[in-house]
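Down below is the structure, laid out as structure tokens.
By convention in this document, chain letters (A, B, ...) are assigned in the order of the sequence lines, proteins followed by strands, and residues within each chain are numbered from 1.
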Amino acid sequence: MERIKAPKGTADIFGKEANLYRYIEDVARSIFDIYGYCEIRTPIFEEKSVFTRSVGEETEIGKQMYTFADKKQRLLSLRPENTAGVIRSYIEHSLYSSSKCTKLYYLGPMFRYERPQAGRMRQFYQLGTEAIGSHSPLLDAEVIAMALHLLSELGINGYQLKINSIGCRKCQQTHTEQILLEVKKIKERLCSDCQERAEKNPRRILDCKNKACQEMTKCLPDTSSLLCKDCKDLFSEMIHSMELLEIDYIIDPRLVRGLDYYSKTVFEIQKEGLGAQNTIAAGGRYDYLVEELGGPSVPAVGFSAGLERLILSMDRNIPEQEPDIYIAYLSDYLEEAFLLANTLRKNCLSCLIDLEPKSLKNQLKEASSKAATWTVIIGDEIKNGKIVLKDMKREKQLEIKEEKIIEWLIKRKNPADPLYPVKKRR
RNA sequence: GUGAGCGUAGCUCAGCUGGUUAGAGUACUGGACUGUGGAUCCAGUUGUCGCGGGUUCGAAUCCCGUCGCUCACCCCA
């Protein structure tokens, strides 16, 4: 029999790792809450067109979608990212009618069919936000500030924030035209990827990683020289508010993002040492997307981050979950132990017990490997109504009356108590 | 889609240029310690050597194929 395995590019997350994911999600929720964002949970799959209309079918992400037909031959796709789904939902429920600026956040799995490697999976987890309904460049700065706030809360440092403006549709069009004009002259000498880009997405030639291409494309106009007056003003306002918030940034006039829907402000947060994937979070404005998906003409700005990459860039260890109590017992007293476990749990004390009787030595060993704070030992003393309570960290033990044990343990659970054992808990 | 490296015990790996019964550490179980954990020592359990074929008297070892994993390119979170 062949061993069944999780599909390529997917992973089972359990143990310490699951705690880490939950930790990040908890931190993210609390940060988003502080900035006034509300959670939205959209379906994991949507009609294919939701994504192809927003991301662009010809983009790499468009090609990497998991698409299938259901029993009624509806063409559906697993979401490769969540901005499109959130906007679809925003339009569907006319969220624009209830508030001027709708702030939403999401957490969950995304799917892209590609070759897995460090920091890149076929099913991966993203968190992100969308603020829909405001043109203010201050909001752009706020979104970036929030993203950085999240990183610092997670203990992630040593990153670089790169920002740029790719302008409105008009700027983008003239920019593309200018690039094509220049590229014509050197097209034959560019790498094959760039030649393809020239056809499909000329502006992306600007961030080709090929050294020879970079050398040749130095002369290409970047975004800074081409913004119209309005876009220029917006960008400098946004930069001004970044300074106000004392955020360090690098303006990268060659930063253009891969998704079709971006406009004006774009940004990336990068950190070295994550394998080949150095972008941990990215985002920007998408002032035309809502309209393109059939909604009113409403501007929006958002960002997203990949949990796998956040984890790679965190060097902090998350405290492990430790039980309060381990119940050890001599096999004669299984029922007493079983009952005690039940009582402790009813009192919100977490406890472990092995319901298959083992030697005391074995149980103590287990208690210490599971890092229980106390071990309760039920032995012959129970006949006199007494129970042994062992402080595992201080290696001391005492006998205590059976009926007092709950009270005693609850009291010791108070962190203010000087006897409260050193125990890390979030 | 392209390229490279690696698949041996639950986990981490050794096993060189083919040679008899496939190893270590760790984990697990028991004992030294008959009701007390992290240390030490002793003993025990664990394998279709990824799968299929070929070369050979003989293959974990060499060759071919295949599957899987990993990393990188591309792209991206």
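- In this structure, of B:rA72, B:rG38, B:rU36, it is B:rG38 that holds the atom nearest to the side chain of A:Ser368.
- Of the candidates B:rA77, B:rG3, B:rU36, the closest approach to any side-chain atom of A:Arg115 belongs to B:rG3.
- With P as the reference atom, B:rU66 and B:rG58 are 26 Å apart, rounded to whole Å.
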Practice task
List the steps, then state whether side chain to side chain donor-acceptor pair (under 3.5 Å) holds for A:Tyr326 with A:Asp354.
Solution key: CA-CA 9 Å; A:Tyr326 190 94; A:Asp354 189 336; 5.0 Å; no

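- Summarising the geometry, the separation between CG on A:Leu360 and P on B:rU29 is reported as 15 Å, rounded to the nearest angstrom.
- Judged by distance alone, with hydrogens and angles left aside, the side-chain atoms of A:Arg112 form no donor-acceptor pair with the main-chain N or O of A:Gln64 at under 3.5 Å.
- Across all strands shown, A:Ala328 has no heavy atoms under 4.0 Å from either base or sugar-phosphate atoms.
- Between A:Ser359 and A:Gly9, it is A:Ser359 whose nearest contact on RNA chain B lies nearer the 5' terminus.
- The residue A:Gln397 sits close to a base: some heavy atom pair falls under 4.0 Å.
- Residue-level contact check: A:Lys365 touches the backbone only, with heavy atoms under 4.0 Å from sugar-phosphate atoms and none from bases.
- Going from the C1' atom of B:rU17 to that of B:rG31 covers 45 Å, rounded to whole Å.
- The side-chain tip of A:Arg79 does not point at the ring of A:Phe51 from less than 6.0 angstrom away and within 45° of straight on.
- Comparing the C1' positions of B:rU70 and B:rG53 gives a spacing of 26 Å, expressed to the nearest Å.
- Between A:Ser304 and A:Leu330, the residue anchored closer to the 5' end of RNA chain B is A:Leu330, taking for each the nucleotide with the nearest heavy atom.
- Nucleic acid contact for A:Gln363: none, since no nucleic acid atom lies under 4.0 Å from a heavy atom of the residue.
- Put simply, A:Asn362 has a side-chain N or O that comes within less than 4.0 Å of OP1 or OP2 on B:rG30.
- Using a 4.0 Å heavy-atom cutoff across all strands shown, A:Glu268 reaches no nucleic acid atom at all.
- Contacts of A:Gly119 with the nucleic acid, taken as non-hydrogen atoms under 4.0 Å apart, include base atoms.
- B:rA39 makes up no base pair with any nucleotide shown, lacking Watson-Crick or G-U wobble contacts both under 3.5 Å.
- Nucleotides B:rC49 and B:rG15 are separated by 11 Å at their C1' atoms, to the nearest Å.
- Note on A:Asp380: a base of the nucleic acid sits closer than 4.0 angstrom, heavy atoms only.
- Taking only side-chain atoms of A:Lys8, from C-beta outward, the nucleotide of B:rC73, B:rC69, B:rG38 with the closest atom is B:rC69.
- Side-chain atoms of A:Asp324 come within 3.5 Å of backbone atoms of A:Ser350 as a donor-acceptor pair (strictly under, hydrogens ignored).
- Across all strands shown, A:Ala118 has heavy atoms under 4.0 Å from sugar-phosphate atoms exclusively, and none from any base.
- Remark: B:rG25 base-pairs with B:rC11. Criterion, Watson-Crick or G-U wobble with two distances under 3.5 Å.
- Nucleic acid contact class of A:Glu114 (heavy atoms, under 4.0 Å, all strands): base.
- Computed from coordinates, the A:Arg122 CZ to B:rU70 C1' distance equals 14 Å when rounded to whole Å.
- Across all strands shown, B:rU34 forms no Watson-Crick or G-U wobble pair with both distances under 3.5 Å.
- Checking side-chain atoms of A:Tyr288 against main-chain N and O of A:Arg169 turns up a donor-acceptor pair under 3.5 Å.
- Look at B:rU61: it lacks any Watson-Crick or wobble partner with both distances under 3.5 angstrom.
- The interatomic distance linking A:Leu364 (CG) with B:rA39 (C1') rounds to 15 Å, in whole Å.
- Whole-Å rounding puts the A:Lys358 NZ to B:rG30 C1' distance at 13 Å.
- No engagement by A:Leu307 is indicated, since no non-hydrogen atom pair under 4.0 Å with the nucleic acid exists.
- Taking atom NZ on A:Lys390 and atom C1' on B:rG37, their separation rounds to 6 Å, with Å as the unit.
- At a threshold of 4.0 Å, the pair A:Arg29-A:Glu39 counts as salt-bridged, since one of the basic side-chain nitrogens sits closer than that to a carboxylate oxygen.
- Taking every side-chain heavy atom of A:Glu395 into account, B:rG37 is the closest of B:rG68, B:rG37, B:rA77.
- Looking at heavy-atom distances under 4.0 Å, A:Met392 makes contact with a base.
- In this structure, A:Met121 atom CE and B:rC71 atom C1' are separated by 14 Å, rounded to whole Å.
- Look at B:rG1: its Watson-Crick or wobble partner, with both distances under 3.5 angstrom, is B:rC73.
- Remark: A:Gln117 is in phosphate contact with B:rA72, judged by side-chain N or O atoms under 4.0 Å from OP1 or OP2.
- Summarising the geometry, the separation between CD on A:Glu366 and C1' on B:rU29 is reported as 13 Å, rounded to the nearest angstrom.
- Taking atom P in both B:rA60 and B:rU21, one finds a spacing of 10 Å when rounded to whole Å.
- Side-chain proximity of A:Ala276 to B:rC73, B:rG37, B:rA77: nearest is B:rC73.
- Distance check on atom P: B:rC13 versus B:rG50 gives 15 Å, rounded to whole Å.
- Within 6.0 Å of CD on A:Glu47 lie no more than 12 heavy atoms contributed by other residues, nucleotides or ligands.
- Residue-to-nucleotide contacts include no donor-acceptor pair under 3.5 Å from the side chain of A:Lys361 to the base of B:rU36.
- In the displayed structure, A:Glu403 atom CD is contacted under 6.0 Å by more than 12 heavy atoms of other residues, nucleotides or ligands.
- Between A:Tyr261 and A:Tyr286, the gap from one ring centroid to the other is short of 6.0 Å.
- Rounded to whole Å, the P atom of B:rC57 lies 25 Å from the corresponding atom of B:rC51.
- Nucleotide B:rU66 is matched to B:rG50 when pairs are restricted to Watson-Crick or G-U wobble geometry with both distances under 3.5 angstrom.
- Searching all strands for a Watson-Crick or G-U wobble partner of B:rU20 with both distances below 3.5 Å returns nothing.
- Separating the NZ atom of A:Lys370 from the C1' atom of B:rG37 is a distance of 13 Å, rounded to the nearest angstrom.
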